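Here is the structure we will look at.
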Amino acid sequence: MTVNRGIVAQIAVLAALAVIPLVVHNDYYLHLLILALMWVVIGSAWNLLAGYTGQVSFGDAAFFGTGAYTAGLLVIHWGWSAWWGLFFGGIMAVVIAFPFGWICFRLRGAYFALATLALNEVLRHVATIWESFTQGMVGIMIMQSYISKLPYYYIALALAALSIIIIRLVMRSRLGYYFLSIREDQDAAESLGVNTHFYKMLSLVIAAWLTGVAGALYMNYMGFIDPHVVFSLHDISIMAILVGIVGGVGTTYGPAVGAFIMVLVQEMFRTAGFGYIKAAAKFTDVQFLISASEQLTKGHALGFGILVVLVIRYMPNGVVGDWGKLMIALRLQKTGRAK
Amino acid sequence: MLKVDGVDVFYGDMQVLWEVSLTVGDAEIVALLGSNGAGKSTTIKTVSGLLKPQAGQIEFDGVRLDQIPANRIIHNGIAHVPEGRRLFTEMTVEENLIMGSLRPEAKRARTETMGWVYDLFPRLRERRKQPAGTLSGGEQQMAAIGRGLMAKPKLLLLDEPSLGLSPLLAMEIFRIVKVINDAGVAVLLVEQNVKRSLAICHRAYVLENGRMTLSGTGAELSANEKVKEAYLGI
């Protein structure tokens, strides 16, 4: 019964997401939704590696950027369509991930996380310095295939659904047990006969592939990339961690929920309350509102920091992981007010 | 069956075992005794492949264990029940047991073995759907031993199974070790509880500062003046 209800709920959410662009004709909101769906893919991938397998990555941008650059380079060097990037971008991310994991999975915990951070930085510098191949800081600009946002929206939706399906299939299979056992206790898993190096590699390869595909989609959709955008530590790697933590580490739907929350929060800061504060400031001409809207835009990183502190303090398992706790807290507040 | 021969083990640059040798025969209980930091756990970790010796060799039924990776050791019929249980705390008891039976021979017999484990530890049957992290210390130790048994091992490596348990529970664990051994499983037992260990084991070794200093049958060591003074406190 619960299983059926779960499936019904999933289909309902998917159907609602599929219908939204037919109802909402506002390009701005569609843009945010496309970004959110892209983050569902990246967040789910991060969650598979960090949340389920316990190998925290600080360098998802390495795979994201690789996917994006693969798509862009296919266009400028070989004249292929950037859409091939969806195929080759994922593969190239795996090509980067494989030797990296092979060597660096000897490291554990924080040391592995630092290695991923280093990979991120190395690739960003390579993309910056190797001007003859990557065009360096100039970046890569391509013609987008569609003016309408609809095709991108549906491709992003399909990828988001695919990533969640993959995570679910993986975690329900034998692999899921192996990944969890590595997260819980790597030595115990190893002595029970789990080839921990192999399964960590497998988890990394799946995560890198998904992240690379998301990067290729980004190239196609935005039409412009440069090293500081797609290999960005704070906008990609840290954002991936935030999506996972805010949504719920080690939960199937956590990263999906986290993606929507984080894209909204990010946009809220970038535009200072979606431009409403600015509008209000203009309208009322109150000096405080004007400076508030300016400060809010500047305080983008600070706001992220505060959000993370609050989430870790009050909902360490994320919105999805602590959903029950959240509901109880809300209910208590309501009854408290009624009295 | 198990032959550890002249093994030297290092943590980084620091040597912790010097030419340690021991044997475990078919269906034997062998106790490995010694004070804190003597190298007991190190010895057991070396047998199960988590540490690799720099010198010497480890042989089990004619297979060189020191030359294969840790995750292949269990395929030769050796199960390691680590110190401090090291269960997968967010998995249920049953999932933990399933994780113990990954090798093909064990997988085929999974249901039977699980039945046997549940008969040995009826508490685990009651709690099989509970996350292992919510069990009491004694129950967790039972689950850890159960997980080891799920591999249908010929040799069970038990590292400090009575650690942190009440005297009553500790006695129960020692009783179970005997039952497991009666079912034909050899046991290499690392323990601080020297008295009980000597009572149930066939043979025992004493490790001091990384070197083997004494060995003999349980009765011999119980009568040994040095053991009496240093470990039994008589």
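Letters A, B, ... are given to chains in the order of the sequence lines, protein chains preceding strands, and every chain is numbered from 1. Because the structure is predicted, anything quoted here is derived from the model rather than measured.
Among A:Gly250, A:Ala189, A:Gly193, A:Ala188, the residue making the largest number of heavy-atom pairs under 4.5 Å with chain B is A:Gly193. For chain A, the option among B:Lys45, B:Met99, B:Met150, B:Arg103 with the highest count of heavy-atom pairs below 4.5 Å is B:Met99. Of all the listed residues (B:His75, B:His80, B:Met91), the one sharing the greatest number of non-hydrogen pairs under 4.5 Å with chain A is B:Met91.
Using cut-offs of 30° and 60° for the angle between ring planes, the A:Phe112 and A:Phe100 rings count as tilted. Using cut-offs of 30° and 60° for the angle between ring planes, the A:Trp39 and A:Phe64 rings count as parallel.
At distances below 3.5 Å, not a single donor-acceptor pair connects side-chain atoms of B:Glu83 with backbone N or O atoms of B:Asp159.
Contacts between B:Leu50 and chain A at a heavy-atom distance below 4.5 Å involve the side chain alone, from C-beta outward. Within the 4.5 angstrom heavy-atom criterion, no atom of B:Arg72 approaches chain A. Both the backbone and the side chain of B:Ala70 come within contact range of chain A, each with at least one heavy atom under 4.5 Å from a heavy atom of that chain.
A donor-acceptor contact closer than 3.5 angstrom is absent between the side chains of A:Ser203 and A:Tyr178. Using modelled atom types, one finds a donor on one side chain and an acceptor on the other under 3.5 Å when comparing A:Arg168 with A:Tyr253.
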